[in-house]
Amino acid sequence: MSEEIEAVVEDDPIEVRKAKRAAMIAAGRDPYGHSFKRSHTVEQLNQQFAGLEEGESTDKAVAIAGRIMAKRVQGKIAFLELRESGHDIQLFCRINALGEEAFEELKDLDVGDWIAVTGTMMRTKRGQLSVAVDSFELMSKSLRPLPEKFHGLQDKETRYRQRYVDLVMNPEVRTTFERRFKIVSAIRRYMEEQGYYEVETPFLHAIIGGANAKPFITHFNALDRDYYLRIATELPLKRLLVGGFEKVFEIGRQFRNEGMDPYHNPEFTTMEAYEAFGDLDSMMDLTEGCIKAAAQHACGGLQVSYQGVDVDLSGNWRRASMMELASEHAGEEVSFARSREELVAILEKNGGHAEAAWGKGKLISEIFEAVAEEKLVQPTFVIDHPLEISPLAKKHPDNPELTQRFELFILGHEYANAFTELNDPIDQAERFRAQVEAKDMGDDEAMGYDADYIRALEYGMPPAGGVGIGIDRLVMLLTDAPSIRDVLLFPHMKDEAPAGGKAAAPAGGKAAAPAAAATPAASAAPSAIPAPKAPAVDLSKVVIEPLFADEVDFDTFSKSDFRAVKVKECAAVPKSKKLLQFTLDDGTGQDRTILSGIHAYYEPEDLVGRTLIAITNLPPRKMMGIDSCGMIISAVNEVEGEDGQKQEQLNLLMVDDRIPAGAKLY
């Protein structure tokens with residue numbers, strides 16, 4: 001490439017590469033190549049010629065292609081590192097073999113370019129297996145430089161957003177996804193070996209069904225009506241049991257319009273299976289066998305370690321009822337024999353909060369979640385769930401207040417959910433009607449009334465067992481991945497920030513408050529970028545709570561220690577729709593955990609990196625089994641909606657990020 005071009009744009013590597021591309025096109029050369037027949041993969045060459053002696057050459061002709069990962073030119077010799085499918089090999093390039101013109105073109109290649117080469121195999125005197133290059137051709141010009149080799153791509157958000165670069169620069173990421181592919185493949189083979197047919201059911205549903213979850217809504221133009229992206233595959237699969245397919249399964253995406261945290265993503269993968277004449281026991285056997293097969297294939301054994309905790313997948317997994325486990329960990333009896341008031345007291349004593357509408361079944365479930373769930377480290381099937389929380393499960397034959405349902409817990413998290421399926425159309429219709437009533441009362445996660453499914457049951461569905469297994473969580477376990485985003489090739493992310501600034505809040509979104517909290521001093525700083533303007537608020541409709549009439553003496557008030565805190569991490573608390581768990585830098589050098597019931601107003605990923613105000617000297621308060629050490633300060637008001645009803649608004653008190661963690665408010 002001419003020195004003139006580089007002189008013009010030497011301070012911008014992307015412009016340098018664009019100039020090289022333009023010069024190639026002007027010279028009649030295509031910088032984006034064509035098909036190329038390879039004789040070997042790099043992995044095959046590394047294996048086939050592993051025994052080649054130092055300094056030994058062969059006349060074995062090879063043709064390979066890949067991406068340049070490193071380049072070193074030493075006079076009339078150049079060394080390139082070529083990567084293909086995760087495997088590397090050195091290219092040994094000499095001016096004598098290539099000729100002066102081609103060698104100059106080779107020197108002009110950039111790290112990141114894709115090339116195809118032909119040559120012969122050799123091992124250098126320093127012991128490096130290499131291809132002695134006879135010819136090469138550029139196959140794709142890389143216009144963006146890869147991250148610097150020794151530091152690589154480290155920023156988590158950039159890695160998730162630009163997974164294509166993450167896969168290039170971080171070999172362990174490629175290994176994680178190769179293992180994911182093996183896990184899915186092993187599950188598919190295991191299910192087929194058990195006699196199951198793999199089927200495909202619709203993604204678009206006219207009625208929400210199969211789970212309690214908030215759906216994504218889309219518009220079906222041809223039918224001129226709204227449809228929902230599926231939240232489960234359950235009801236279509238059970239229709240197939242009615243039709244005579246007695247063993248069916250589906251591996252596919254589900255969509256739930258809910259929050260994101262290390263264990264949840266709105267778009268996720270499950271394996272659901274249904275077996276005619278099966279039951280809870282057969283589903284537990286199937287689940288255990290399926291997960292063991294996946295672990296054996298992906299990890300080579302049944303002993304795995306997750307984030308430093310050893311998990312034993314071998315042997316027979318424990319099977320215990322929800323009430324048994326709740327009683328065991330609460331230290332007292334938890335059952336339907338207790339009064340509602342006694343169950344509420346047990347729940348609140350263990351950091352939970354009871355809603356007035358909850359019956360005994362829901363309270364038992366909440367107590368289990370508060371005292372037992374996170375302590376189930378080794379694989380445990382939790383059976384006999386209350387009817388109140390299991391609208392699609394068959395009633396327990398010995399106790400109509402319970403259902404034949406299990407959830408599999410490992411490391412305190414749910415990995416599978418299964419029922420002895422309800423096949424009584426009259427009972428199912430009654431439960432659907434109860435769900436519709438719940439929806440009419442404002443529960444946007446309740447199911448609709450699926451009249452066609454009732455009609456299918458009326459034709460007769462055989463007794464059956466069904467199970468759903470969360471593939472993403474299973475992959476997390478078997479790859480030791482701390483976040484679900486680490487096992488999704490393209491996880492969902494908030495909008496990318498423009499160069500030099502922060503991402504703007506979506507229209508009508510919850511992130512408008514942080515922009516409003518920016519101080520005038522911040523925008524006046526020479527290097528600062530002005531914060532985007534917050535949406536205009538109609539203050540005429542704001543309702544302010546009356547000021548407290550009771551006085552607080554100064555000495556009492558001054559004991560409250562208000563501090564600036566930096567949000568290091570923020571995640572939704574599992575099994576809670578309200579709570580966010582903050583990990584905060586309070587200036588002491590030790591992380592502080594505070595829980596706050598603000599999930600209705602903020603998504604956790606929008607708060608990471610923010611500077612908030614908190615009271616830091618409150619005694620720890622246990623919430624959902626977690627000690628909350630302090631209180632995040634918010635500003636709360638009411639606003640009159642268009643329907644005349646008052647609605648609460650909440651804004652976290654956010655301050656300039658230049659204020660250090662631990663700064664005390666006076």
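Because the structure is predicted, anything quoted here is derived from the model rather than measured.
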Under the side chain to side chain donor-acceptor pair (under 3.5 Å) rule, collect the residues that match up with Lys375, sequence neighbours excluded.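 Lys375 satisfies side chain to side chain donor-acceptor pair (under 3.5 Å) with no residue once adjacent residues are dropped.
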Side chain to side chain donor-acceptor pair (under 3.5 Å) against Asn46, all qualifying residues, sequence neighbours excluded: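 For Asn46 there are no side chain to side chain donor-acceptor pair (under 3.5 Å) partners, ignoring immediate neighbours.
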Between the main-chain N or O of [Y] and the side-chain N or O of [X], is there a donor-acceptor pair closer than 3.5 Å?
X      : Y      : value
Arg174 : Leu167 : no
Asn170 : Glu172 : no
Thr420 : Leu280 : yes
Gln378 : Asp312 : yes
Asp472 : Ile484 : no

Does [X] come within less than 4.0 Å of [Y], counting only side-chain N to carboxylate O?
X      : Y      : result
Arg161 : Asp166 : no
Glu267 : Arg253 : yes
Asp452 : Arg239 : yes
Asp281 : Arg319 : yes

Does anything in residues 188-199 pair up under salt bridge (Lys or Arg N to Asp or Glu O under 4.0 Å), and if so which pairs, sequence neighbours excluded?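 Matches after skipping sequence neighbours: Arg188-Glu198.
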With distance as the sole criterion, is a donor-acceptor pair present between the side chains of [X] and [Y] under 3.5 Å?
X      : Y      : answer
Ser85  : Glu43  : no
Glu414 : Tyr263 : no
Arg179 : His297 : no
His264 : Asp261 : yes

Considering residues at least two apart in sequence or located in another chain, which fulfil the salt bridge (charged side-chain N to carboxylate O under 4.0 Å, His left out) criterion with Asp627?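 With sequence neighbours excluded, Asp627 shows a salt bridge (charged side-chain N to carboxylate O under 4.0 Å, His left out) to Lys622, given in chain and number order.
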Name all residues meeting the salt bridge (charged side-chain N to carboxylate O under 4.0 Å, His left out) criterion together with Lys395; count only those two or more places apart in sequence or in a different chain, and write none if there are none.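 Listed in chain order: nothing, the list is empty.
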Trace of the salt bridge (charged side-chain N to carboxylate O under 4.0 Å, His left out) decision for Lys182 with Glu178: CA-CA 6 Å; Lys182 290 180 180 179; Glu178 287 177 339; over 6 Å; no
Please lay out, stage by stage, how Thr270 and Gln254 fare under the test side-chain hydrogen bond (donor to acceptor under 3.5 Å, both in side chains). CA-CA 7 Å; Thr270 64; Gln254 317 294 344; 2.9 Å; yes
Summary of ring pair (Phe, Tyr, Trp, His ring centres under 6.0 Å) pairs that have at least one residue in residues 165-193, sequence neighbours excluded: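 For residues 165-193: none.
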So among His396, Met322, Arg405, which one has a side-chain contact (heavy atoms from CB on, under 4.5 Å) with Asp384?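 It is His396, the one option of His396, Met322, Arg405 that forms the side-chain contact (heavy atoms from CB on, under 4.5 Å) with Asp384.
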For the residue pair Ala70 and Val111, what are the closest heavy atoms and their distance?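 Of all heavy-atom pairs spanning Ala70 and Val111, the closest is CA-CG2, 4.0 Å.
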Cation-pi check for Phe203 against Arg230: NZ or CZ below 6.0 Å from the six-membered ring centre and within 45 degrees of the axis, yes or no?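 Pair Arg230/Phe203 counts as cation-pi.
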